[in-house]
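To start, the structure itself, in structure tokens.
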Amino acid sequence: MYKAPRGTFDILPQEQAYWKYVEGKVAFLCQLYGYQPLSTPIFEDSELFTHAVAGGTDLVDKEMYTFEDRKGQKLALRAEGTAPVCRAYLEHGLFNLAQPVKLYYIGPAFRYERPQAGRYRQHHQFGFEAIGSADPALDAEVIEMAQRFFFSLGLSQFSINLNSIGCKLCQPKYVEALQEHYSDYTEQLCPDCKVRLVRNPLRLLDCKKASCQKIAETAPKTVNYLCPECQAHFQSVQKYLGALGITFQLNHRLVRGLDYYTRTVFEIEPQEEGTQQSALGGGGRYDNLIEELGGKPTPAVGFAAGIERLILNLKRQKIAVPSLPTPAAFIACLGEEAKIEAAKLASALRKNGIAVIEATGDKSLKAQLRQANALGAIYTIIIGKQEMENRTIILRDMRNGEQKAIPQTEIITALKQGETA
RNA sequence: GUGAGCGUAGCCCAGUGGUUAAGGCGCCAGGUUGUGGCCCUGGAGAUCGUGGGUUCAAAUCCCACCGUUCACCCCA
């Protein structure tokens with residue numbers, strides 16, 4: 001027997017209500033804030049990701065799904081959402097539109113990791129990106145939008161962590177100070193952090209090991225090394241957030257795992273009893289990325305959330321989602337001739353936009369009604385010998401069991417009335 | 001990549017060495033020879049993850065492999 005590959009899963013019909021719910025909220029929210037949908041391919045030049053996200057990150061070093069096509073072209077399954085959006089922005093000259101350009105996407109991303117709760121090899125991300133403005137008001141708007149997104153889903157048990165990690169000018173100085181601080185403790189560092197110290201020093205800060213945490217606590221803070229411009233930007237972001245009534249926590253250890261971030265970084269994490277400390281979503285500014293990918297210097301800011309984790313939290317917080325629509329009618333029939341009549345009727349109803357399901361096989365009426373019930377049909381239409389003779393049908397309301405015989409010609413109007421009733 | 005737990009019908013699971021592997025959900029059928037949901041009755045459905053070993057005897061004990069879950073790591 002074949003199985004879905006490790007870390008992937010089928011989303012069965014019974015589960016789809018959650019997905020449709022989230023997708024609906026996404027579309028509404030993005031419309032509200034002026035973001036337009038963008039779909040990008042499921043695979044890209046693998047260099048797009050290695051260049052954008054950069055080495056030293058786990059994503060690029062050990063989690064990418066890369067492969068060669070038949071001509072030896074090096075490709076990678078979409079590892080994250082931002083780089084492809086930037087690529088599309090450049091490729092299609094979207095910098096010619098009024099700036100900032102606001103785009104959103106929703107789709108799968110792939111990472112080779114060992115699966116566990118809320119972590120998969122194929123997961124789905126929703127994200128939005130505002131490209132072409134350095135205005136701190138936009139950072140605040142993005143954060144507010146992220147918050148509104150969670151609220152609109154019904155989620156409230158989360159907190160917003162905020163930090164600024166500076167720019168090309170000030171970050172190197174900070175990194176130097178950080179390395180200097182850590183160099184006093186080299187012997188006490190965990191093996192991972194010894195590597196980080198050289199390859200990706202910022203990530204030293206969020207090591208979870210107790211021994212490393214102690215060192216991180218006394219480490220210099222990014223905010224104390226910001227250049228005047230970054231300092232002003234960060235202050236302004238906080239001022240706007242205050243004006244918007246957004247509560248957030250400054251977290252000096254928040255650095256994010258992808259290297260393209262500059263200045264503002266933020267993360268949404270659930271604050272529930274459980275141990276689960278995986279981020280629900282995160283984002284920040286990436287003012288150098290477009291330039292890195294071959295464009296003109298173009299500031300940008302964005303956010304992404306994982307759909308599976310959202311749904312996990314919807315379930316944990318017992319948030320009910322609307323169920324998928326059920327058919328308006330089920331057509332039951334008895335006898336060969338009635339079955340032909342049923343097929344004609346089903347076709348006519350569908351032509352009028354009424355969702356119907358026909359009985360198949362030749363089950364007993366009891367079995368057919370059982371099926372109508374299981375399908376959640378609002379009405380069952382019954383056609384038997386007697387109805388064939390009278391040119392009528394029986395219309396049974398499954399909600400209360402009331403039924404009546406009506407002329408076949410009146411069925412469409414009857415059902416349309418019933419739908420609004 | 002590291003560590004731990006778990007693999008018995010579509011799903012949840014009982015069963016810790018000895019007759020035909022139990023139950024619940026779901027499915028199918030009957031109880032009304034043309035009427036669902038509740039109830040009652042019956043039925044179908046299991047190479048007990050795979051391979052090897054111990055034993056007179058293994059779902060049960062041992063080993064390996066595979067799968068899966070959770071945690072670390074990392075992130076969505």
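A, B, ... follow the sequence lines: proteins, then strands. Residue 1 opens every chain. Scope of the values below: all heavy atoms of this structure, side chains included, with no hydrogens, waters or symmetry mates.
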Using both distances under 3.5 Å as the test, list the Watson-Crick or G-U wobble partner of B:rU2, or none.
-> B:rA71
How about A:Thr264 and A:Asp139: does a side-chain donor come under 3.5 Å of a side-chain acceptor?
-> yes
What interatomic distance, in whole Å, is found between C1' of B:rA9 and the corresponding atom of B:rC72?
-> 36 Å
Given atom CZ of A:Arg396 and atom P of B:rU35, what is their separation to the nearest angstrom?
-> 10 Å
Scan A:Ala374 against the nucleic acid and name what it touches under 4.0 Å (heavy atoms): base, sugar-phosphate only, or nothing.
-> nothing
By nearest-nucleotide position on RNA chain B, the 5'-leaning member of A:Ala304 and A:Ala4 is A:Ala4
Within the 6.0 Å centroid threshold, strictly below: A:Phe128 and A:Phe126 = yes
P gap between B:rU50 and B:rU8, integer Å = 10 Å
Atom CG of A:Leu369 and atom P of B:rU32: how far apart are they, to the nearest Å?
-> 17 Å
For the pair A:Arg309 and A:Glu269, find out whether any cationic side-chain nitrogen is under 4.0 Å from an anionic carboxylate oxygen.
-> no
Mind checking A:Glu308 for me? I need base, sugar-phosphate or nothing, with any heavy atom below 4.0 Å counting as a touch.
-> nothing
Inter-nucleotide C1' distance (B:rG36, B:rA29), Å rounded = 15 Å
A:Gln125 and A:His123: side chain donor to acceptor below 3.5 Å = yes
So what does A:Leu258 hit on the nucleic acid, given a heavy-atom distance under 4.0 Å: a base, only sugar-phosphate, or nothing?
-> sugar-phosphate
Any side-chain donor-acceptor pair under 3.5 Å between A:Glu141 and A:Tyr240?
-> no
Sort out the partner of B:rU35 for me: Watson-Crick or G-U wobble, both distances under 3.5 Å, none otherwise.
-> none
Checking all strands, does A:Lys62 fall into the base, sugar-phosphate, or nothing category for heavy-atom contacts under 4.0 angstrom?
-> nothing
Separation of B:rU68 atom C1' from A:Lys3 atom NZ, nearest Å, is 7 Å
Sugar-phosphate, base or nothing in reach of A:Gly401, heavy atoms under 4.0 Å = base
With both distances under 3.5 angstrom, what nucleotide forms a Watson-Crick or G-U wobble pair with B:rU60?
-> none
Could you state the atom-to-atom distance from CG of A:Leu312 to C1' of B:rC70 in whole Å?
-> 13 Å
Taking atom P in both B:rC6 and B:rG49, what distance in whole Å separates the two?
-> 14 Å
Can you check whether any acceptor in the base of B:rA76 is under 3.5 Å from a donor in the side chain of A:Arg119, or vice versa?
-> no
Is any side-chain N of the basic residue among A:Glu44 and A:Arg78 closer than 4.0 Å to the acidic one's carboxylate O?
-> no
Can you find an N or O donor on one side and an acceptor on the other, under 3.5 Å apart, linking the side chain of A:Gln403 with the base of B:rU35?
-> yes
Ring-on-base stacking between A:His124 and B:rA76, under 5.5 Å between centres and under 30° between planes: is it there?
-> no
To the nearest angstrom, the CZ-C1' distance between A:Phe149 and B:rA76 comes to 11 Å
With both distances under 3.5 angstrom, what nucleotide forms a Watson-Crick or G-U wobble pair with B:rG43?
-> B:rC27
Presence of A:Arg370 side-chain N/O under 4.0 Å of B:rA29 phosphate oxygens OP1/OP2 | yes
Is a donor-acceptor pair below 3.5 Å formed from side chain A:Glu387 to base B:rG34, judging by atom type as modelled?
-> yes
Out of B:rG3, B:rU35, B:rA76, whichever nucleotide has its closest atom nearest the side chain of A:Arg114 | B:rG3
Looking for any heavy atom pair under 4.0 Å, which part of the strands does A:Gly282 touch: base, sugar-phosphate only, or nothing?
-> sugar-phosphate
If we take the P atom in both B:rU60 and B:rU19, what is their distance in whole Å?
-> 14 Å
To the nearest angstrom, how far is A:Lys366 atom NZ from B:rU32 atom C1'?
-> 7 Å
Using whole Å, report how far CE of A:Met388 lies from P of B:rG34.
-> 17 Å
Indicate, with a heavy-atom threshold strictly under 4.0 Å, whether A:Ile307 touches base, sugar-phosphate, or nothing.
-> nothing
Base paired to B:rU20 (Watson-Crick or G-U; both N/O distances under 3.5 angstrom) | none
Have A:Arg87 and A:Thr40 got a donor and an acceptor in their side chains that come within less than 3.5 Å?
-> no
Between B:rC25 and B:rC63, how far is it from one P atom to the other, in whole Å?
-> 38 Å
With no angle test and no hydrogens, is the base of B:rA76 tied to the side chain of A:Glu113 by a donor-acceptor pair under 3.5 Å?
-> yes
On a whole-Å scale, what distance lies between the P atoms belonging to B:rG5 and B:rA58?
-> 26 Å
Using only heavy-atom distances, determine whether the side chains of A:Tyr33 and A:Glu144 contain a donor-acceptor pair under 3.5 Å.
-> yes
B:rU35 P sits how many Å from A:Leu395 CG, rounded?
-> 18 Å
When you get a sec, tell me which of B:rA76, B:rC70, B:rG34 is the closest nucleotide to the side chain of A:Ala117?
-> B:rC70
Considering only the C1' atoms, how many Å lie between B:rA21 and B:rA14, rounded to the nearest integer?
-> 10 Å
Just compare B:rG36, B:rA76, B:rG34 and give me whichever is closest to any side-chain atom of A:His123.
-> B:rA76
Among the nucleotides B:rA29, B:rA76, B:rG36, whichever has the atom closest to the side chain of A:Asn373 is B:rG36
Which base, if any, makes a Watson-Crick or G-U wobble pair with B:rA76, both distances under 3.5 Å?
-> none
Quick one: look up who B:rC65 pairs with, Watson-Crick or G-U, both distances under 3.5 Å, and put none if it's unpaired.
-> B:rG49
Looking for any heavy atom pair under 4.0 Å, which part of the strands does A:Phe126 touch: base, sugar-phosphate only, or nothing?
-> nothing
Just compare B:rA76, B:rA29, B:rC73 and give me whichever is closest to any side-chain atom of A:Gln116.
-> B:rC73
Ranking B:rC70, B:rA76, B:rG36 by distance to the side chain of A:Gln125, first place goes to B:rA76
Pairing partner (Watson-Crick or G-U wobble, both distances under 3.5 angstrom) of B:rU55 | none
Do A:Asp45 and A:His51 have a side chain donor and acceptor closer than 3.5 Å?
-> no
